[in-house]
Each structure stands twice: as C-alpha cells, then as structure tokens.
Participant: 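Below you'll find the structure I mean.
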Amino acid sequence: MPLALYDTWSRTLRPFTPLRPDHVGLYCCGPTVYDHAHIGNLRTYVFEDVLRRALALNGYTVRHVVNITDVGHLVSDADDGEDKMEKGSRRTGESAWAIAERYTVAFQHDWRALNLLEPTLWCRATDHIAEQIEFIADLERNGYTYRTADGIYFDTARQDDYGYLARLDIAGLQAGKRVALGDKQRATDFALWKFSPPGSTRQMEWQSPWGVGFPGWHIECSAMSAKYLGPLFDIHCGGEDHIAVHHSNEIAQTQARHGTRLANFWLHGHFLMLDAGKMAKSGGDFVRLQTLIERGVDPLAYRYLCLGAHYRSSLRFTMEALDGAQAALGRLRKAYRQWPEGGAPDAEAVARFKAEVDQDLNLPRALAVLWEVVRSDLPAATRRATVDCFDQVLGLRLADWHEDVVTIPAAIALLAEQRDAARAAKNWREADRLREQLQAEGWQVEDSAKGQVLRPLD
Ligand code: AMP
Ligand code: ZN
C-alpha cells in the first residue's frame, strides 16, 4: 500500500507520489531564534522527523530544508509591533546577532537530543537578504505590491483565491476589520519589506531599492525554498498556527512570482497544550527540553510521548504522561537488551508496522504493533531485528542504549528538588520528610559535596 498523507490544501488524505521519481523536496518552517524553543515547538519537529523517516522507509531520497528565522518576525502577525529579535535584545542586553547565534545553537542542541535527523540544509533568513529583495522586486514588477509610510506591502486583493489553504472568509475579515490596519489597504495584506523607523538605526537592517530596512517574515520562506527546492516542491510542513497567516502568505507570494502553490502537499502538526491552554513562546510560561533533562527526564522519553499521539490531534502535556512515556521506554529498552543479534526481521510484522506508518503516519497504531512484537513468542533474535527496522522510523536509538545510564522519573526529580530547597532554607524536618518519601518511592538520597545524588534502591 502506498504512503498516504493528509494534505491541508485539499483537506483530504492523498496517496503520495513525488514530483520527481524517487526524490522528495521537504521544507519545514524553522524556529524564530529570539528565545529558546519550548517542547511544543519541538513536537512539530518530531512529527516532521517521523515524516522524513517514513519517506525514507518508502525508498525516497529526501532533501530536507529547515530555515532559521533570525529577522523580520514581528511581535504581532498584523505587521505591527517590534521585531522579536530586537525585543529579545532589549530583554537580555545582548546584540540581536548574538541572540540569534545563541538560540540557534541551543535549538540545534535540542534537535540532536531528540535524535532528529540533521536536515540536508539549514538556512538563515539573514544570509538570504539578496534573494528576498529579488523576490520582492519581481512581485513589484508583476504589480502585486504597494508602498505605505512604513514599508512595501503585498496586495492580496489581486488574488481571487488568496487564503484558500485556510479557507479564509475574506469578505468577513474585511467587514469585521478587527485587525489594526495602519496604512494597509486590507486586513490580509502583509509586509514584504519594512523601513527602519525614521531617525533610528536598527541592529539588523539592509539597503534595498525601496529604502533601508528589513524583510517581512513570510518572504524568507518563499525565497529560500525556491532557491533550494525550486518553485514547486513536494511537501511543506509547519505547525497548525501557520495555516491562516504565514503559509497563506507564502503561497500568495509564490503564486504571484512563479504561478505555483509552492508545495504539492501541505502538512500541519497540531499543538501541544498545557492545562492553561496552548503553549506559546510569547506567553512567557513555557517548558524547555533542557529543563526536563535537568529534572532527570530522558529527551527520548519526550520523543516517545510525542509518538504516542497522532500528529493531527492536539496533545495535552502533563508530567504524569511524560513519566508514563519514560517508564514505557525503559521497559522497551530492558526487553530489547535481552535479545541477541543475528536474527532476520519478521516480514509480516514489518509489513503491518509500515502499513500503519503509511496511513498518514499513524504512530500510535505503529507503537501498538511494536508492543505486540515485544510480547510475542517470536524468537528473541527475530524480535530484535524486527524492532531494529521499526526504530528507523521511531528514532528511539534502542541499539545505542546502555543500562548504566540511570534515568530518574520527573516526579522523583521534583521531590529531590524540593528537598534541596528545604535544605537550603535549613528546614531540616521537611528535608528529612522528603528523604523518607523518596525512600518509600524506591530512591536513596546521598548528600555529597556536589549536592545530592539519587540512586535506585535494589
Ligand atoms: P516559532 O519558533 O514560533 O516560529 O515556531 C516554530 C514551530 O513550532 C512552528 O512550526 C510552529 O507552528 C510550531 N509551534 C508553535 N507552538 C507550538 C505548540 N504549542 N505545539 C506544537 N507546535 C508549535
Ligand atoms: Zn515559513
């Protein structure tokens, strides 16, 4: 059965065939590097990594491009407010360039901790200013732009099908006009080039045919994807929040310059939610992968958690669910370690696993096949070889895992942290109570010069 993917453009599950035999061009919108990524952002990259692995499982060579947004993403999607990079600079006192560098490195660190395959190419918006200017100049030549006091804008009224991806109700949007228009002619019009504010110098600004300034956020993806994948490529991905504005605008620009809708398939990952609502970078209150790691969580347990929910359903994040994922991963690793090498995969199990993956990346069902194999009475060496095949898609690095790495459940790490705080406050009674609680949970605490060390009780 061929791979079928749910395409947001057509709102249908479509059999996947590449535009060029055996090769797939895949573009994924990357991070805006004014702050750390939160685990919600990372959920989207895990989904994209599984997609890439599923394409490889189907024999395709994937050219995977991920951009780094290091300029132009404004605080508000309505094209006003500060640039997120310059705002980050004010917050931390570092230059916008230093911030971009620091958070790019931190992001790529998270990327590797989750065992995401390295993209064929990372590309930064600030390394492609000339390409973006050329793109805008072509849009201007084709009559799709107008000038206001603060920039060059895309005229969405020129396209009858503007917003089709999101099924936007343009008439309703115009009538409502809840969005601050500024000098824009329509709520849906968007900035291609913004002028540096008069009388002030931005840290990130460039000369252009229209004046000194910086590119709008959407143009970088249209310009860089055209450069590296061509004006029509196979699959474009991102989180569901990108459908209504960012991706609709990428399509509008590319349509106006190249006459294509950019990608043959549009895939969107649904959000990771906290109890309080969606997890957003701008909300200030977000969970980082590094914070979880410091609490003793294995980053691959977070990956496992993501695999347990279909990418097109939202996932509510709780520490309990993460602990459950970590425990399941622990059981899987223990089982795997007992199996000898040298077997051959069970063809029937591999086919069933692949059928689930091929059905719009149904990883929850693929995991169910995995557990059936783990618990089956197939010879141990066969189970190992079969699970090795599965792990090419799951990316849990089962073959690399060694038992001596002790993983501490998040709830235990939290108790230890509270005990640390109690000791720092010289609240010895509370510290002793927490030590006893940890013991009751099966963990021994030893106080050393470097702080407390946790060991599982035998
Ligand atoms: P950003 O760095 O904000 O540009 O976002 C990077 C990626 O994370 C984009 O594909 C977003 O759509 C996605 N994203 C943002 N918030 C979440 C969330 N809570 N859950 C899943 N994906 C998200
Ligand atoms: Zn993009």
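Counting starts at 1 for both ligands and their atoms, in listed order. What's counted below: heavy atoms across the whole structure, side chains too, no hydrogens, waters or symmetry copies.
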Participant: Can you spot which of Val373, Val369, Val374 makes a side chain to side chain contact (heavy atoms under 4.5 Å, CB included) with Trp371?
Facilitator: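 Passing option: Val374.
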Participant: Compute the minimum heavy-atom distance from Thr69 to ligand 1 and say whether it is under 4.0 Å.
Facilitator: no
Participant: Against heavy atoms of Pro31, which atoms of ligand 1 measure under 4.0 Å?
Facilitator: 2 (O)
Participant: Indicate yes or no: does an N/O atom of Gly239 lie under 3.5 Å from an N/O atom of ligand 1?
Facilitator: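 For ligand 1, there is an N or O atom that lies under 3.5 Å from one belonging to Gly239.
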Participant: Please confirm if an N, O or S atom belonging to His247, backbone or side chain, lies less than 2.8 Å from the Zn ion (ligand 2).
Facilitator: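 Of the N, O and S atoms in His247, none lies under 2.8 Å from the Zn ion (ligand 2), which means no.
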Participant: Under a 4.0 Å N-O cut-off, is there an ion pair linking Lys184 with Asp189?
Facilitator: no
Participant: Using a 3.5 Å distance criterion without hydrogens, assess whether the side chain of Asp7 forms a donor-acceptor pair with backbone atoms of Thr12.
Facilitator: no
Participant: Could you check whether Arg303 pairs with Asp49 (Lys NZ or Arg NE/NH1/NH2 to Asp/Glu carboxylate O, under 4.0 Å)?
Facilitator: yes
Participant: Using a 4.0 Å cutoff against the non-hydrogen atoms of Thr44, which atoms of ligand 1 qualify?
Facilitator: 10 (O), 13 (C), 21 (C), 22 (N), 23 (C)
Participant: Output the atom name for the N/O/S atom of Glu250 with the smallest distance to the Zn ion (ligand 2).
Facilitator: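 When I compare the N, O and S atoms of Glu250, OE2 is nearest to the Zn ion (ligand 2).
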Participant: Start with the C-alpha gap between His310 and Asn362, add the side-chain angles, then the distance that decides, and say whether side chain to side chain contact (heavy atoms under 4.5 Å, CB included) holds.
Facilitator: CA-CA 6 Å; His310 192 265; Asn362 198 333; 4.3 Å; yes
Participant: I want to know if ligand 1 touches Leu272 in the polar sense, i.e. an N/O pair below 3.5 angstrom.
Facilitator: yes
Participant: State, to 0.1 Å, how close Leu300 and Leu396 come at their nearest heavy-atom pair, and which atoms those are.
Facilitator: CD1-O, 3.5 Å
Participant: Less than 4.0 Å is my threshold; does some heavy atom of His38 fall inside it relative to ligand 1?
Facilitator: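 Yes; His38 lies near enough to ligand 1 that a heavy-atom distance drops under 4.0 Å.
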Participant: Identify whether the distance between the nearest side-chain nitrogen and carboxylate oxygen of Arg158 and Asp155 falls below 4.0 Å.
Facilitator: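 Judged by the 4.0 Å cut-off on N to carboxylate O distance, Arg158 and Asp155 do not form a salt bridge.
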Participant: Under 3.5 Å, N or O to N or O, is Asp241 touching ligand 1 that way?
Facilitator: yes
Participant: For ligand 1, is there an N or O atom under 3.5 Å from any N or O atom of Thr32?
Facilitator: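 N/O-N/O distance below 3.5 Å exists for this pair.
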Participant: Any idea which part of Asn41 is under 4.0 Å from ligand 1, heavy-atom wise: side chain, backbone, both or neither?
Facilitator: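 For Asn41, backbone and side-chain atoms both sit under 4.0 Å from ligand 1.
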Participant: Could you grab the angle centred on the Zn ion (ligand 2), going from SG in Cys221 to NE2 in His246, to 10°?
Facilitator: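 Between SG of Cys221 and NE2 of His246, the angle at the Zn ion (ligand 2) is about 110°.
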Participant: Using a 3.5 Å distance criterion without hydrogens, assess whether the side chain of Lys194 forms a donor-acceptor pair with backbone atoms of Phe214.
Facilitator: no
